[in-house]
Amino acid sequence: MAKADANNRAWQRMLSGRRLDLLEPSPLDVEIDDIAHGLARVARWNGQTHGRHAFSVAQHSVIVWQIFRKLFPRSTADEELLALLHDGPEYVIGDMISPFKAVLGGEYEGVETRLQEAIHLRYSLPAKTPDKLKANIKRADTVSAYFEATELAGFNQTEARKLFGTPRGFTLKEIGIQPLSASAAQKLFLDAFATIERKRKNND
């Protein structure tokens, strides 16, 4: 892991007042309000989408959670929360498109992994998402990505199918892909989190 030079700042101040260390993030410095605020202001597809507003990672995360629930209706509340938080680190490091991630390689992946683990531990989740669950969440993610690509990002259906497969059992109408304002996306994300947390408490 790269170490910050003594003269360089390796933390980010959040609106909650927390100082999150980017190289060794502590779960104690993770707050859901910071996550929601940040993700609602991070654009998917590098902002290359149609619409008055950017399509945010917060809105994408909620849609993935909704798709995940439909695909796997017997999932636990913890599994639902892992689905909602699957792009959690992006509230700090942004939504890096896959080709650029490949260029950056292991250093980027290390930062992303440590942030994801800190987020998980903050909410009493496994540090690492189990492989099978991760694959199930990815399945929901690719359904959302297909509709985002074809409806917002200028892909034709043939291109999108090659990249994301053909979504089955879902329609554009039920996905609700219309980009929201940052404040609306932030509220949507926090409402989804609150819904899952109530389910977690009821299952205790």
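When reading the values below, keep in mind they use all heavy atoms of this one structure, side chains included, and skip hydrogens, waters and symmetry mates.
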J.: Measuring from Asp87:CG to Asp95:CG, what's the distance to the nearest 0.5 Å?
T.: 6.5 Å

J.: Please walk me through it: do Tyr123 and Phe193 pass ring pair (Phe, Tyr, Trp, His ring centres under 6.0 Å)?
T.: CA-CA 11 Å; Tyr123 297 105; Phe193 178 81; 5.4 Å; yes

J.: Going by atom types alone, do Ser16 and Asp33 pair a side-chain donor with an acceptor below 3.5 Å?
T.: no

J.: Measure across Phe55 and Ile177 and return the closest heavy-atom pair with its distance rounded to 0.1 Å.
T.: CE1-O, 3.6 Å

J.: Got a sec, which residues hit side chain to side chain donor-acceptor pair (under 3.5 Å) with Asp29, two or more places apart in sequence or on another chain?
T.: none

J.: Is Ile63 reachable from Phe72 through a run of hydrophobic residues whose side-chain heavy atoms are each under 4.5 Å from the next?
T.: yes

J.: Is there side-chain contact between Leu22 and Val92, with at least one heavy-atom pair below 4.5 Å?
T.: yes

J.: Walk me through it: do Leu115 and Leu20 pass the test side chain to side chain contact (heavy atoms under 4.5 Å, CB included)?
T.: CA-CA 9 Å; Leu115 283 166; Leu20 184 67; 3.8 Å; yes

J.: Can you name the residues that form a side chain to side chain donor-acceptor pair (under 3.5 Å) with Gln157, not counting sequence neighbours?
T.: Arg161

J.: Just how far is it from atom NE2 of His37 to atom CZ of Phe189, taken to the nearest 0.5 Å?
T.: 13.5 Å

J.: Can you measure from CZ (Arg18) to OG (Ser26) and round to the nearest 0.5 angstrom?
T.: 8.5 Å

J.: Side chains of Val42 and Tyr91: does their closest heavy-atom pair fall under 4.5 Å?
T.: no

J.: Which pair of heavy atoms, one from Pro179 and one from Ala54, lies closest together, and at what distance?
T.: CB-O, 3.8 Å

J.: How many angstroms lie between atom CZ of Phe170 and atom OG of Ser144, to the nearest 0.5 angstrom?
T.: 10.0 Å

J.: Measure across Thr150 and Ala160 and return the closest heavy-atom pair with its distance rounded to 0.1 Å.
T.: CG2-CB, 3.5 Å

J.: Report yes or no: do Ile67 and Trp45 belong to one cluster of Ile/Leu/Val/Met/Phe/Trp/Tyr joined by side chain heavy-atom distances under 4.5 Å?
T.: yes

J.: Same hydrophobic cluster for Leu28 and Met14, using side-chain heavy-atom links shorter than 4.5 Å among ILVMFWY?
T.: no

J.: Under 4.5 Å between any side-chain heavy atoms of Val143 and Phe68, yes or no?
T.: no

J.: Looking only at heavy atoms, which two atoms of Glu159 and Gly154 are closest? And how far apart?
T.: OE1-O, 4.4 Å

J.: Using modelled atom types only, decide if a donor and an acceptor are shared between the side chain of His120 and the backbone of Pro126 within a distance under 3.5 Å.
T.: yes

J.: Does Thr158 offer a backbone N or O that forms a donor-acceptor pair with the side chain of Asn156 under 3.5 Å?
T.: yes

J.: With rounding to the nearest 0.5 Å, note down the distance linking CG in Asn203 to CZ in Arg198.
T.: 13.0 Å

J.: With salt bridge (Lys or Arg N to Asp or Glu O under 4.0 Å) as the rule and sequence neighbours excluded, what pairs involving residues 121-147 come up?
T.: Glu31-Arg122, Glu117-Lys128, Lys138-Asp141

J.: Determine whether the side chains of Thr113 and Glu109 contain a donor N or O and an acceptor N or O closer than 3.5 Å.
T.: no

J.: Say you draw a straight line from CG of Leu125 to CD1 of Ile119; how long is it, rounded to the nearest 0.5 Å?
T.: 10.5 Å

J.: Among all residues two or more places apart in sequence or in another chain, which pass the ring pair (Phe, Tyr, Trp, His ring centres under 6.0 Å) test with Tyr146?
T.: none

J.: State whether the side chain of Gln59 and the backbone N or O of Ser56 hold a donor-acceptor pair below 3.5 Å, judged by distance alone.
T.: no

J.: With a 4.5 Å heavy-atom cut-off, do His86 and His60 have their side chains touching?
T.: yes

J.: With heavy-atom distances below 4.5 Å as the criterion, would you say the side chains of Glu148 and Thr49 are in contact?
T.: no

J.: Of all residues at least two apart in sequence or in a different chain, which pass the side chain to side chain donor-acceptor pair (under 3.5 Å) check with Asp21?
T.: none

J.: Using every non-hydrogen atom in the two residues, find where Gly88 and Leu39 come nearest and quote the distance to one decimal.
T.: O-CD2, 4.1 Å

J.: Which side-chain N or O atoms in residues 78-85 pair as donor and acceptor under 3.5 Å with protein atoms at least two apart or in another chain?
T.:
from, atom 1, to, atom 2, distance (Å)
Asp78, OD1, Arg200, NE, 2.7
Asp78, OD1, Arg200, NH2, 3.2
Glu79, OE1, Thr76, N, 2.9
Glu80, OE1, Trp65, NE1, 2.9
Glu80, OE2, Lys199, NZ, 2.5

